[in-house]
Amino acid sequence: FGVNHSCFHELNYGSIADMKKTEAIEMLGGTVTAAAKAIGVSYQAVNKWPDDLTQKIQDRVVAAVVRLHPRDWEKRWPNLVPGGTPHAHP
């Protein structure tokens, strides 16, 4: 897929430590259904996510974002890049 795997360990998790459920769903396609499909879980699982996502869920969201957008995820979500702008949206 052309993914730069060396970037994974450099993701700026500090800036997304307060990732919200609504932000994650938006990043994964804009609906609970799209988010569930992107992560490989049920609609019900995503629907039960807390408003403030746990680190485990955040990790899955980031991994899915990189898989879904291997060529331009850094531009779409600069808050996931070291030194990026927190909570920027495409």
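Values in this document were obtained by computation on a predicted structure and should not be read as measured data.
Shown here for Trp49 and Ala24, the closest heavy-atom pair between the two residues is CZ3-CB, 4.0 Å. When all heavy atoms of Ala64 and Ala38 are compared, the pair lying nearest together is CB-O, 3.8 Å. Across every non-hydrogen atom of Lys21 and Asn47, the tightest pair is NZ-O, 2.7 Å. The heavy-atom pair separating Ala34 from Thr31 by the smallest distance is N-OG1, 2.9 Å.
Applying the side chain to side chain donor-acceptor pair (under 3.5 Å) test to Asp51 and every residue at least two apart in sequence or in another chain returns nothing. Evaluation of the side-chain contact (heavy atoms from CB on, under 4.5 Å) rule for Ala35 yields Ile25, Leu28, Val46 as partners, not counting sequence neighbours.
Judged purely by atom type and a 3.5 angstrom limit, Arg67 has no side-chain atom pairing as donor or acceptor with the backbone of Ile39.
The distance from the NZ atom of Lys48 to the CD1 atom of Ile57 is 12.0 Å, given to the nearest 0.5 Å. If you take CG on Asp18 and CD on Gln58, they are separated by 8.0 Å, rounding to the nearest 0.5 Å.
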*Verify side chain to side chain contact (heavy atoms under 4.5 Å, CB included) between Lys20 and Asp52, making sure each step is shown before the conclusion.*
CA-CA 5 Å; Lys20 303 292 185 190; Asp52 294 315; 2.2 Å; yes
